[in-house]
Structures are given as structure tokens and as C-alpha cells.
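Data first, discussion second: the structure below is written as C-alpha cells.
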Protein chains: 2
Amino acid sequence: MSEPKSRRRGAELERAILDAAWAELREVGYARFTVEAVAARAGTSKPVLYRRWKNRAELAVAAWQQRMPAFGDVPDTGALRSDLLTLFTRIGLRTGSMMSEMVAGVMAEAFRHPEVADLLRSRLTQPMPLTEAVREIVERAVARGELAPLHLPPRALRAPLDLVRNEYITCQALDGAVLEELVDDIYLPLLRGLRLD
Amino acid sequence: MSEPKSRRRGAELERAILDAAWAELREVGYARFTVEAVAARAGTSKPVLYRRWKNRAELAVAAWQQRMPAFGDVPDTGALRSDLLTLFTRIGLRTGSMMSEMVAGVMAEAFRHPEVADLLRSRLTQPMPLTEAVREIVERAVARGELAPLHLPPRALRAPLDLVRNEYITCQALDGAVLEELVDDIYLPLLRGLRLD
DNA sequence: CCCCTAAGATACTTTGCGTTTCTTAACCCT
DNA sequence: AGGGTTAAGAAACGCAAAGTATCTTAGGGG
């Protein structure tokens, strides 16, 4: 809190600010996320932040990007359904209710600051590790004979993330029952319905 | 513009306000949608609006609800794919780029005013006419023999709307190619993969 | 050791939400 | 018809928070 007089600089200061921003996002959410509070928490002041990020949305995205938990290993439980449930659950944890609130809030601001929209979109639509995880899970299911061989278009690879995010954005919550619905009523049927080309 | 001195009341005034709000939403979008501008445009003043709606989000949702174009008849082109394309296109028109901007903006505010979240959620997840349209299209396809008989869970009925909305929210745009992808790569395979129970 | 960059503090401008107060027009009711 | 009640309209305010400008000063590099 009352750090002594040592004046931090450069990367050290930047990390402290992002830590503070992340903590604020977790505690109060994006709607109540203020630049002033972040500055105070980091023991610095607003101009220091505005020298590094153009506006509060970019600050939030930067903090998010740095602190977002990793996906971890590709689930391998021996069965397609449980692999998918594990994956969907992890996506849910990673997305988190705070996260979708942030997506909504940042998107809303993106219409005033168009460059923010591009930044966010790139984070939303290109999580390579995730799409590769989906591909691997499906390939193993095909190898086991659980699924007929199939062609997976990019949109189907992205679908798990889209489904979970949509649920968060519209309902601000996500429990186990909903995850099962997404897997059983949407994604598994989708995979069964895809064929080779 | 410079209406005479006649002082409108009740329903007449309310309609004029919602007209003004709708016009503002179309012209400047939700991000720049201000209560003051709506009041000015309607030739009245802020307190009149705040007597009717708790905050700007509810005003926007009210205007949206009243002016949202109808879905029209259930498409019946004689083939499943073209029925779905027609339906998806109409959903896209109805949603509109402005609309998803509003969804994002309103959702962002919903975290300060929880009652707004409920209001919006009810508009997003229960468009009965749409789900019934999906059901009818699918039933006709089954009758024609295009699809095997299947059980359609609620989430699958909602999926077309969810898919289109997700695309708008993440990409702020939606063209014909994307609509075809949603139909060919996601929704048609999903329908083919669903079975009885 | 000095100097120049960037940190930190303070205070300001602006914008827009939501409120308060007051006046006055229009409807309603007997 | 007239008087009273209700709600419209106008103006101004408080407040929060974004973003900016000004100035002082620490501390690292030459």
C-alpha cells in the first residue's frame, strides 16, 4: 500500500499497473473499472497510464491478455463426450463471468474507438490453441470409431468458444447443466452431422 | 421541429419519445445515444423521460422493442437449405449492426442496473415467433424426407438467433458468405446430427 | 556530476447521467 | 363552466469519470 519513496520505472512499473488493473477487473468488473482506481491501486497516477494506453478499454484488454489463464493440456479422457465437457468447462472458466462483461463493455466502447474493436476481435476469433485442441479431440474420437471421418470447417472449430461466450453474454452465467446442454444438444449433434466435405 | 405550444400527454407523447429514441439509435448508435438528445428531438425534456423509464438503457430497449421489424411469414421455398438461408438473412436484417451494438452496450450497463439484464435477456432468449418458425421449417423438411425425424431441443431452436447475434457482436458485420457458412457448416450439420431423443 | 527523461501529483475541462425545483398547461370532475 | 389535480416542460444542479495540461522531482545514463 504505502510503498516508500522508490520511484518505479519502465517494465517494472508497467507490470505493477497491469497487476492493479487485473485486480480491479476481478473485484469490481469492467462496468465499474476506473482508470483512477487503477492508478491509485498501483500507487501511481492517471497520466502515467494514459502515456501507455490510449484509453481505459485498451488498458483493460492489456491486463486481460497478460493475466488470462492458459487452457492447459488438451483433455484426453478416452471418450468424446467427456473430452468435450472438460474442454467446454475450461473455456467457461477461462471466459469467466467477468470476462464476458468485459467483452460486452469493451465492444460497446469500440464504437467510439474503432481501433479497440480490431484489438478485441483479434483476441476473440483467433485462439489457435483452442481450435487445435478441438481438432485433436475430434481426431482421437474418429480414431476410436466414435465418429465417422469428417471435415471440420473453421467455423465448427470456433463453435465451442462462440457457444460459451454467447451464453455468458446473454445470461451472465454458466452452470454445469448449461454446459451439458451445449455439448449434448448442439456440439455433439453438429459433429455427428458433419461429413467428409 | 418547432411544434406549436400544444402540450402532448400520455400515449401520444410516449409514442413521440419512442420515435425520437429510435431515430437517434439509428443515426448515432447506442454508444452516442444520449437522453438529452432524445428529449430535444422529441421536443420535450429529460425529466419527462425519466418519469417513464428508469435509465437510458431501458429507454433504448423500449424503443427497440416497439420499432423492431417483424419477422414476416415463415419462409417456404420448398427446400431446407434455402428456407434456412432466408430465415438467417431475416434474422440478420432484424438484428442489424446497430442492434448488436445496442445489445453490447446495454449488457455492459446491465451490470450496474441488474433489472436491465433481465429485461434484455427476456428479449434475447424468448423470441417465440422465431423458434416456432424454425420448428416449422424443420418439420416440413422432415415431411419431405430431407431430414430423418428428429427431436429439436430448445437450445437448437434458439441456435440460429444465437449464431447470428454472436457474429454481429464479435465482428460487427454479417455478409452473405458468412450466412452461408453458418447454415452449411453449423446449422445444417447440426440438424442432420440430431436424432429422435 | 549534471541533465534529460519519465514518474508522480494536482487540478482542470468536458460530457452525460440522473435529480431537484418550479411553473404552467391541459384534462377531469362535479 | 370553473377549480383542482396531474403531468409536461424548462432550467439548473450534483456527481462521476474520461481524458488532458501543468508542474515538480526522482533517478538513471552519459
Side-chain angles (χ1 to χ4, degrees), chain A residues 1-21 24-25 28-63 105-106 108-113 115-116, chain B residues 1-21 24-25 28-63 102 105-106 108-116:
Chain A
M1 272 297 138
S2 66
E3 288 297 321
K5 328 282 161 185
S6 92
R7 189 179 273 193
R8 296 153 302 176
R9 299 196 147 224
E12 180 195 0
L13 176 60
E14 188 151 330
R15 265 204 16 252
I17 294 171
L18 289 177
D19 287 351
E24 283 291 312
L25 278 172
V28 306
Y30 184 77
R32 299 184 190 278
F33 175 82
T34 75
V35 177
E36 194 143 343
V38 173
R41 181 169 208 142
T44 181
S45 61
K46 283 198 293 173
V48 176
L49 310 203
Y50 279 104
R51 274 171 209 139
R52 286 158 203 273
W53 298 278
K54 281 200 280 299
N55 48 56
R56 101 180 166 129
E58 297 206 355
L59 170 60
V61 172
V106 172
E109 268 175 44
F111 291 82
R112 300 188 205 234
H113 306 282
E115 71 281 4
V116 173
Chain B
M1 274 295 136
S2 67
E3 288 296 319
K5 327 286 159 184
S6 93
R7 189 179 274 191
R8 296 154 302 177
R9 297 194 147 224
E12 180 195 0
L13 176 59
E14 189 153 328
R15 267 204 13 254
I17 294 170
L18 289 177
D19 287 351
E24 283 290 312
L25 278 172
V28 306
Y30 185 76
R32 299 184 190 277
F33 175 82
T34 75
V35 177
E36 194 142 343
V38 173
R41 183 170 204 140
T44 181
S45 61
K46 284 200 294 173
V48 176
L49 308 204
Y50 280 103
R51 274 172 210 138
R52 285 158 203 273
W53 298 277
K54 282 201 277 299
N55 48 58
R56 100 179 166 131
E58 297 206 357
L59 170 59
V61 172
M102 205 185 100
V106 172
E109 269 177 43
F111 291 83
R112 300 187 205 233
H113 305 282
E115 70 280 6
V116 173

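Every chain is numbered from 1, with letters handed out A, B, ... down the list of sequences.
The shortest side-chain heavy-atom distance between Trp53(A) and Val61(A) does not fall under the 4.5 Å cut-off.
For Thr44(A) and dG8(C), the shortest distance from a side-chain N or O to OP1 or OP2 is below 4.0 Å. The phosphate of dA7(C) (OP1 or OP2) has a side-chain N or O of Arg52(A) nearer than 4.0 angstrom.
For Tyr50(A), counting side-chain heavy atoms from C-beta on, the closest listed nucleotide (dG19(D), dT5(C), dA8(D)) is dG19(D). The side chain of Arg56(A) lies closest to dA18(D), out of dC17(C), dA25(C), dA18(D). Nearest nucleotide to the Val48(B) side chain, out of dT6(D), dG9(D), dG8(C): dG9(D). Each of dG9(D), dA7(C), dC17(C) was ranked by its minimum atom distance to the side chain of Val35(B); first place goes to dC17(C). The side chain of Arg8(B) sits closest to dG9(D) out of dG9(D), dG8(C), dG18(C).
Between the C1' atom of dG18(C) and the CD atom of Glu36(B) lies a distance of 11 Å, rounded to the nearest Å. The OH-P distance, from Tyr30(B) to dG16(C), rounds to 13 Å in whole Å. In this structure, the CZ atom of Arg7(A) is 8 Å from the P atom of dA9(C), given to the nearest Å. In this structure, NZ of Lys46(A) is placed 16 Å from P of dG8(C), rounded to the nearest angstrom. Residue Leu13(A) contributes atom CG, which lies 10 Å from atom C1' of dA6(C) at whole-angstrom precision. When rounded to the nearest whole Å, the span between NZ of Lys54(A) and P of dT20(D) equals 12 Å. Look at CZ on Arg32(B): it is 9 Å from P on dG16(C), rounded to the nearest Å. We find that CH2 of Trp53(A) is positioned 18 Å from C1' of dT20(D), with the value rounded to whole Å.
With the nearest nucleotide of DNA chain D identified for both Gly10(B) and Pro47(A), Gly10(B) has the one nearer the 5' end. Comparing Ala57(B) and Arg51(B) against DNA chain C, the residue whose closest nucleotide sits nearer the 5' end is Ala57(B).
Interface remark: the Thr34(A) side chain does not form any donor-acceptor pair with the dA17(D) base, using a distance-only criterion of under 3.5 Å.
Looking at Leu13(B), Val38(B), Leu59(B) one by one, the single match for side chain to side chain contact (heavy atoms under 4.5 Å, CB included) with Leu18(B) turns out to be Leu59(B).
Shortest non-hydrogen contact noted between Arg52(A) and Gly10(A) is NH1-O, 3.8 Å.
Note on Glu58(A) versus Lys54(A): salt bridge recorded, some NZ/NE/NH1/NH2 to OD/OE distance being below 4.0 Å.
The distance from the CG atom of Asp19(A) to the CD atom of Glu14(A) is 11.0 Å, given to the nearest 0.5 Å.
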